[in-house]
Amino acid sequence: MANDYTKIPLIVIVGPTASGKTSLAIKLAKKYKGEIICADSRSVYKGMNIGTAKPNQKEQCDVPHWGLDLVEPGEYFSVADFKKYAIEKIDQIRSRGNVPFLVGGTGLYVDSVVFDYKFGPIADIELRTKLQHMEIIELHNYCIKNGIVLPENFKNKRYVIRSIERNGIKPEKLVRPMSNSIIVGITTNKDDLYNRIERRAEQLFASGVVEEAMSLSDKYGWDNEAMKSNIYPIIHQYLDSEIDYIEMKKKFVILDQRLAKRQLTWLKRNKFIQWLSVDDVNKYLSNQLALLI
RNA sequence: GGCGCGUUGACGGAACGGUUACGUAGAGGUCUGCAAAACCUUUUAAAUGGGUUCGACUCCCAUACGUGCCU
């Protein structure tokens, strides 16, 4: 491996849920002394294993994984926290002479690292709570009164509140990805992807997501953001007998397919992603990584 | 056979004689401290055939289908 560890590239693998990122990354990382940082906003939560299709114990033993089980559901964790964590890990991995792999489907998380986002001020919880209790119209008025420019997405309460919190400070990012990074996206045929999502849903239920959700809700309740991730609210409905088992499964598949769509919508905007099929990503990255040895 | 009720878009589901509710799904999109979240835009309709009316998804008649009660 290169002596100057700053020359070790950052390998970034993105793609929608169920596109095969995880298994590919593990395969490559195993072969080329890699360590994986999961850029996934859900697998940071402890206990949410089956429902988030987290890498299993064996996979985690095969290759060092980072970014998993960082906080408990209900605890505060944001992109900014993730970025800080990831940058630190990338540096540490390189200093060991290993290759950092940033792998995940949360586009915002990936971009925050790759484009070195500069975040605004951290939320003032007191102010935020106050603002959250206001209607969207009141928030608009508040903005007008205080000279705060409304965000493009001005009907989105969250975004308006954040604009207020940022108080005019504009977000910053790199125009192009950080140097020495290789970004690849896994392309999938839509029908194939949707079928994979369906099959994976079956597996999740067979592996006991329902039981997992039950024990999580006992511990953390249903009302936190983490537990609002697509699958868990559906299980909640099922447990409350609002829907039956078949319906629950059906709904889950639909929700996951929608998730994949949104992920793709985000990723599409990044012009620096090289889109390839899983096999081609494998070949391409293998070639790149072989050069380092 | 008789009497009654119903038939709205992929699904659920309202109102109304003349502005094609709404929800879900579908399609497209937004996105820098909750992002598997939140939000925005948008396609698809009136069982069939007649009639009344300036105008009918909305009123009337018939037919079909479904449903309930009665013989």
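Each chain gets a letter, A, B and so on, in the order the sequences are listed, and its residues count up from 1. Quick note: numbers below take in every heavy atom, side chains included, and nothing from hydrogens, waters or symmetry partners.
One N or O donor and one acceptor, one from the side chain of A:R158 and one from the base of B:A37, sit under 3.5 Å apart.
Near RNA chain B, meaning a heavy atom under 4.0 Å from it, residues 188-221 of chain A has A:K190 in order of number. Listed in residue order, the members of residues 123-147 of chain A having a heavy atom less than 4.0 Å from RNA chain B are A:R128, A:Q132. Within residues 231-259 of chain A, the residues that have a heavy atom under 4.0 Å from RNA chain B are, in order of number, A:I254, A:R258, A:L259.
Atoms CG (A:N156) and P (B:A35) sit 13 Å apart, rounded to a whole Å. Remark: P of B:G33 and NZ of A:K173 are 13 Å apart, rounded to the nearest angstrom. Separating the OH atom of A:Y76 from the C1' atom of B:A37 is a distance of 13 Å, rounded to the nearest angstrom. If you take CE of A:M227 and P of B:A37, they are 14 Å apart, rounded to a whole angstrom. Here the C1' atom of nucleotide B:U41 and the NZ atom of A:K155 are 9 Å apart, to the nearest Å. Taking atom CG of A:L108 as the reference point, atom C1' of B:C34 lies 11 Å away to the nearest angstrom. For A:E172 and B:G33, the CD to P distance is 14 Å, given to the nearest whole Å. Rounded to whole angstrom, the span from the CZ atom of A:R162 across to the P atom of B:U32 amounts to 10 Å.
Under a 4.0 Å N-O distance rule, the pair A:D223/A:K228 does not qualify as a salt bridge. One finds no salt bridge joining A:R258 and A:D256 here, because no Lys/Arg side-chain nitrogen approaches an Asp/Glu carboxylate oxygen to under 4.0 Å.
When the C1' atom is compared between B:A35 and B:U30, the two are found 12 Å apart, to the nearest whole Å. As rounded to the nearest Å, B:U63 and B:C11 have C1' atoms that lie 27 Å from one another. The C1' atoms of B:G33 and B:A15 are separated by 45 Å, rounded to the nearest whole Å. Separation of the C1' atoms belonging to B:G9 and B:U43 is 10 Å when rounded to the nearest angstrom. Nucleotides B:U8 and B:C65 are separated by 16 Å at their C1' atoms, to the nearest Å. To the nearest whole angstrom, the two C1' atoms, one in B:U53 and one in B:A21, are 25 Å apart. Rounded to whole Å, the P atom of B:A56 lies 11 Å from the corresponding atom of B:G18. Spacing between B:C57 and B:U20 at atom P, rounded to whole Å, works out to 13 Å.
Nearest to the side-chain atoms of A:K261 among the listed nucleotides B:A37, B:U32, B:G28 stands B:G28. Listed candidates were B:G29, B:A38, B:U32. Nearest to the side chain of A:Y159 is B:A38. Which of B:U32, B:A37, B:U30 sits closest to the side chain of A:N230 comes down to B:A37. Listed candidates were B:U30, B:C34, B:C39. Nearest to the side chain of A:E152 is B:U30. Of the candidates B:C39, B:U32, B:G29, B:U32 carries the atom nearest the A:P171 side chain, counting heavy atoms from C-beta on. If you check B:A27, B:A35, B:A37 against the side chain of A:R262, the one that comes closest is B:A37.
A:Q263 comes within 4.0 angstrom of no nucleic acid atom, judged by non-hydrogen atoms across all strands. Counting any heavy atom pair closer than 4.0 Å across all strands shown, A:K268 reaches sugar-phosphate atoms only and no base atom. Within 4.0 Å (heavy atoms only), A:G107 reaches no atom of the nucleic acid at all. A:S112 comes within contact range of no nucleotide atom at all, as no heavy-atom separation falls under 4.0 Å. Nucleic acid contact class of A:K83 (heavy atoms, under 4.0 Å, all strands): none.
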Checklist entry - Can you give the dot-bracket line for RNA chain B, using ( ) for pairs inside the strand, [ ] for pairs that cross earlier ones, | for pairs with another strand and . for unpaired bases, where Watson-Crick and G-U count if both distances are under 3.5 Å? => result (((((((..(((.....[...))).(((((.......)))))....(((((..]....)))))))))))).

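Side chains of A:I11 and A:L102 form no contact here, defined as non-hydrogen atoms less than 4.5 Å apart. Proximity of A:R166 to A:R162: side-chain heavy atoms (C-beta onward) are separated by under 4.5 Å at one or more points. Proximity of A:L276 to A:Y284: side-chain heavy atoms (C-beta onward) are separated by under 4.5 Å at one or more points.
Within 6.0 Å of atom NZ in A:K157, more than 12 heavy atoms from other residues, nucleotides or ligands are found, so the atom counts as buried in its surroundings. Surrounding CZ of A:R176 are at most 12 heavy atoms belonging to other residues, nucleotides or ligands under 6.0 Å away. Taking a 6.0 Å sphere around CG of A:L291, one finds it holds more than 12 heavy atoms contributed by other residues, nucleotides or ligands. Counting non-hydrogen atoms of other residues, nucleotides and ligands closer than 6.0 Å to CD of A:E172 gives a total of 12 or fewer.
Ring planes of A:F252 and A:F205: perpendicular class, angle over 60° (limits at 30 and 60°). The aromatic rings of A:Y109 and A:F82 sit parallel to each other, their planes meeting at less than 30°, with 60° as the upper class boundary.
Residues passing the side chain to side chain donor-acceptor pair (under 3.5 Å) test with A:Q92 are A:K89, sequence neighbours excluded.
Other residues sharing a hydrophobic cluster with A:V175 under the 4.5 Å side-chain heavy-atom criterion for ILVMFWY residues do not exist; the residue is a singleton.
Aromatic pair A:Y245/A:Y238: centroids less than 6.0 angstrom apart.
With a 6.0 Å cutoff to the six-membered ring centre and a 45° limit on the axis angle, A:K173 counts as a cation-pi contact of A:F115.
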